[in-house]
Amino acid sequence: MEQYRNYINGKWRTPSTGVYVPNINPADPDEVLGMFPQSGGIDVDQAISAALAASCEWQRVPGPERGKLLLRFADLLDQHAAPLGKILTKEQGKVLKESAGEVKRAAVEARFMAGEASRLSGETLPSEVQGVWVQVIRESLGVIGAISPWNFPVVTPVRKIAPALACGNTVVFKPASDTPWTAVYLMELLIEAGLPPGVVNLVMGSGSVVGQHLSESSAVNGITFTGSTATGRRIYTAAAQHLGRVQLELGGKNAAVVMDAPNLEEAAKEIVAAAFAASGQRCTAISRVIVSKAEAGRLTDIIVELVRQIKVGDGLSSDTTMGPLISHARLETAEEFVRNAENSGARILTGGKRLTELGKGFFYAPTVLRGVKPDSPVAREEIFGPVLPIISVESIEEAVTICNDTSYGLAASVFTRDIDKAMEFAGEIQAGMIHLNHGTASQAHVPFGGVKASGQGAFSIGSTAKDFYMTNKVIYLRVS
Ligand code: NAP
Ligand code: MG
């Protein structure tokens, strides 16, 4: 069984603890994919020291040169889309098509950030005083701690590492414990792209040890985190002790509102795609439908018909369209939400059970619920699984109220042919991203983020990322 190692200061290193843990395949938990380090605080400190030491030189490398490294990295991602995608499917479970798509998307984001490295501009202001020039320049933030989740183990780390490098920062990267293999592969591609020692360091291990230690370290200037709101709060608290900057991308309870839809078939297709991709384990997954009473029956019928066509199985098989959940714990969470919903009067229209006939994998049937009470947990809390509750409403006001009656505020979709309604929803819905007649799919150069319990700090992707990865410096220059 292969033992993988951390990557610190340009070298692959065994963890100081000497402890390794198995990484399993969620489609077949008996299959161990490799043994991965369960690192300790010492490893984190070594990685931070390496990142700190490399920082001085790396920030002096001209931006366009840093961008060239990212362009090489992006090309390598494209070239490795098939083998890296296969590893992604094996350790995460999503279907091969989604995995390859994720790698390709990561390449596009890395390429955009390579370009940003040539656009790290500041501003020149008119002065109050004659003969004095005023400039605001941007400088690198320093050492970045990047903590990523398991649901997008390729694109999320790239979304953190690429802007960090473009902006002249160095990185300590802690991947999720469930998906360390793709992290090792990403490091190998970065090295092949010409990464100097210490500029990106990989430390694998648990969130409570490695992640927590990274967040608490005063040598880390910024923590970029994607994951649950509960962990985000912990990281924010830890970083606050040393006034570290944070960029937190957290959970969501994203609604699709359907009211006078231009085409119910099209709306249903967008909803089902956005709800069940990655087995519903996406922060921007549509996780509830709010539909007018007039359209509810027909929309529900089409959604159920589409969901019944989903073929669940091992993501490696070509006919599978939805893979397993990441872990047994997530399976239990989905079950519990559905059981509670049923107990409070909801009806299961399809799914609502584990698929044990598929073996020991963490397979759950794609599920649609009707008659869901708007104030029940299944309607307001994040499930992070393939469960779609449908709620019917009488009016636009009721739809907006239900939409906003959650602690989250990440994304929302609205399907309507009425431009006034569309703009009213766009104005009233509390979310970072609103999609009109469009599923909750984001683009690779467009700012991405949430409000309320869905996020804190600068939006990632696109030009706004620089607001997190760079700091301002003001220069007053008197010319005699
Ligand atoms: P999680 O438990 O918060 O884990 C995310 C990462 O944080 C993992 O690497 C984890 O390490 C680490 N971690 C755990 N405890 C930590 C601590 N005390 N200090 C520092 N790091 C710590 O989330 P998850 O269950 O893996 O992911 C699902 C959640 O992420 C969902 O709520 C989802 O909405 C959210 N998410 C949001 C976005 C977005 O862009 N907004 C994207 C994807 C996912 P271990 O793996 O070792 O526990
Ligand atoms: Mg695994």
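Order of appearance sets the numbers: ligands from 1, and atoms from 1 within every ligand.
Here K253 does not pair with E382 in a salt bridge; the nearest charged N to carboxylate O distance is not below 4.0 Å. Salt bridge status for R111 with D75: present, with a side-chain N to carboxylate O gap under 4.0 Å.
Within 4.0 Å of ligand 1, contacts by protein heavy atoms are made from I147, S148, P149, W150, N151, K174, P175, A176, S177, G205, S206, G207, G211, Q212, F225, T226, G227, S228, T231, R234, I235, E249, L250, G251, C283, E382, F384, F448.
With sequence neighbours excluded, the residues forming a side chain to side chain contact (heavy atoms under 4.5 Å, CB included) with T440 are A274, R282, T284, I286, A411, S413, H435, listed by chain and number. The side chain to side chain contact (heavy atoms under 4.5 Å, CB included) search around A164 returns I144, N169, V171, Y469, not counting sequence neighbours.
Taking every heavy atom of both residues into account, H438 and E270 meet most closely at C-OE1, 3.7 Å.
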Please tabulate, for the side chains in residues 232-240, all donor-acceptor contacts under 3.5 angstrom to protein atoms that are two or more places apart in sequence or on a different chain.
residue, atom, partner, partner atom, Å
T237, OG1, R233, O, 2.8

